[in-house]
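Okay, structure first, notes after.
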Amino acid sequence: MKKLLIIGFMLFSYIYSSGQVQQKAPTPPPIPSGPELMKPEMTEIWYPEVKIIQPGATNRDAPSDAIVLFDGTDINKEWIGMDGKPSIWTIKDGALISTKGSGYIKSKRVFSDFQLHIEWKTPSEVSGFSQGRGNSGVFLQELYEVQVLDSYDNRTYRNGQAGAMYKQYAPLVNVCRKPGEWQTYDIIYTAPRFSKDSLTYFTPPRVTVIQNGVLVQNNVSLRGPTQYIGMPEYTIKKHGPLSILLQDHGNPVAYRNIWIRDL
Ligand code: MG
């Protein structure tokens, strides 16, 4: 009897393992999920078509949608003195030159968000040191200075050298050319947005600066208008679109090929 039971158990085990009893469960169909329901064309945006503009002959040249602020000829077309009178900066060899006591000049047009290209040159004849050598500046919306300085072999405080957002951010690197050589700034500026019910920034101004093709300010958030003495204030007067200013700091710094694009 015991033998019969053993044989029966072995027979059952054989049938079970041979698949007559155990059956594999069928593979379920795949469950559709979000991305699998999507088709490529569902995320393609065709309209409106991106505006077509013509690039400049080189990356230094103004593209077709730029406003040329100085082309080497007439300063009075786009610039004016801070007192509202015609500028007394001089033009020599197609360059606009600040002279001692000539005062700041400002663009007649005002801007909010923009891309600005400007070329500058400090005197080849080196004189002075630190902040006294080839000092000028490009003020964005009249309030925020991108420093212009002869920073080639000329130590000064790091947040005051060429490429600095003056007294706020040092440049990431010193990529200055020698005195007397032309240098470029390509500046991308996002104007501040202000809170409705206070004088504080909702979003502060942001600046990116590329000097001679090299990134020196990477989308930095400014803490307030440029201050020579004291901390930049967090609370300032609200402002809308404003001019570009070029600084007369008593040194004959030259500018040329200035163009800007509204963003
Ligand atoms: Mg300056």
Side-chain angles (χ1 to χ4, degrees), residues 69-70 75 79-83 87-90 95-107 111 116-187 189 205 207-212 216-217 220 222-233 236 242-258 260:
L69 293 180
F70 182 66
I75 180 183
W79 299 88
I80 195 166
M82 295 298 286
D83 56 4
S87 156
I88 56 172
W89 285 36
T90 55
L96 184 58
I97 302 167
S98 66
T99 52
K100 194 169 185 177
S102 58
Y104 287 42
I105 57 172
K106 69 175 186 176
S107 62
F111 303 95
L116 172 68
H117 175 90
I118 188 164
E119 302 181 12
W120 55 274
K121 182 175 71 168
T122 59
S124 53
E125 189 177 315
V126 173
S127 69
F129 62 93
S130 186
Q131 293 289 304
R133 184 184 296 180
N135 195 334
S136 183
V138 181
F139 279 75
L140 316 176
Q141 287 200 312
E142 307 184 22
L143 297 167
Y144 314 101
E145 183 185 13
V146 183
Q147 176 68 309
V148 169
L149 193 74
D150 176 358
S151 289
Y152 187 89
D153 194 22
N154 178 33
R155 278 288 274 134
T156 188
Y157 40 94
R158 58 182 278 118
N159 58 350
Q161 65 185 67
M165 294 311 301
Y166 186 73
K167 291 270 183 100
Q168 295 194 37
Y169 293 95
L172 296 171
V173 289
N174 181 344
V175 67
C176 282
R177 295 200 166 107
K178 292 178 180 174
E181 294 184 9
W182 284 103
Q183 313 202 45
T184 60
Y185 278 161
D186 288 283
I187 299 168
Y189 176 77
V207 186
T208 294
V209 181
I210 297 167
Q211 180 183 358
N212 300 328
V216 293
Q217 297 291 347
V220 294
L222 302 183
R223 295 190 288 269
T226 298
Q227 299 281 351
Y228 176 49
I229 300 171
M231 298 296 289
E233 293 180 28
I236 64 163
L242 290 170
S243 298
I244 307 294
L245 304 188
L246 298 181
Q247 183 185 46
D248 161 30
H249 201 278
N251 302 139
V253 174
Y255 291 93
R256 73 175 184 189
N257 191 23
I258 308 170
I260 193 166

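All ligand and atom numbering here is 1-based and tracks the order in the structure. Position 1 is the first residue of the sequence, and the numbers go up from there.
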* **Geometry at the Mg ion (ligand 1) - Asn135 OD1 versus Ser136 O angle, rounded to 10 degrees** => 80°
* Structure fact -> Rounded to 10°, the OE1/Gln147 to the Mg ion (ligand 1) to OE1/Gln247 angle comes out at 150°
* Structure fact -> Taken to the nearest 0.5 Å, the spacing of Gln168 CD from Gln147 CD works out to 13.0 Å
* Asked: Do Arg223 and Tyr169 meet the cation-pi criteria used here (NZ or CZ under 6.0 Å from the six-membered ring centre, within 45° of the axis)?
  -> yes
* To do: Could you tell me whether Phe111 and Tyr189 have their ring centroids closer than 6.0 angstrom?
  => no
* Asked: Any idea which N/O/S atom from Glu145 gets closest to the Mg ion (ligand 1)?
  -> OE2
* To do: Please tell me if the side chains of Phe70 and Ile118 come closer than 4.5 Å, counting only heavy atoms from C-beta onward.
  => no
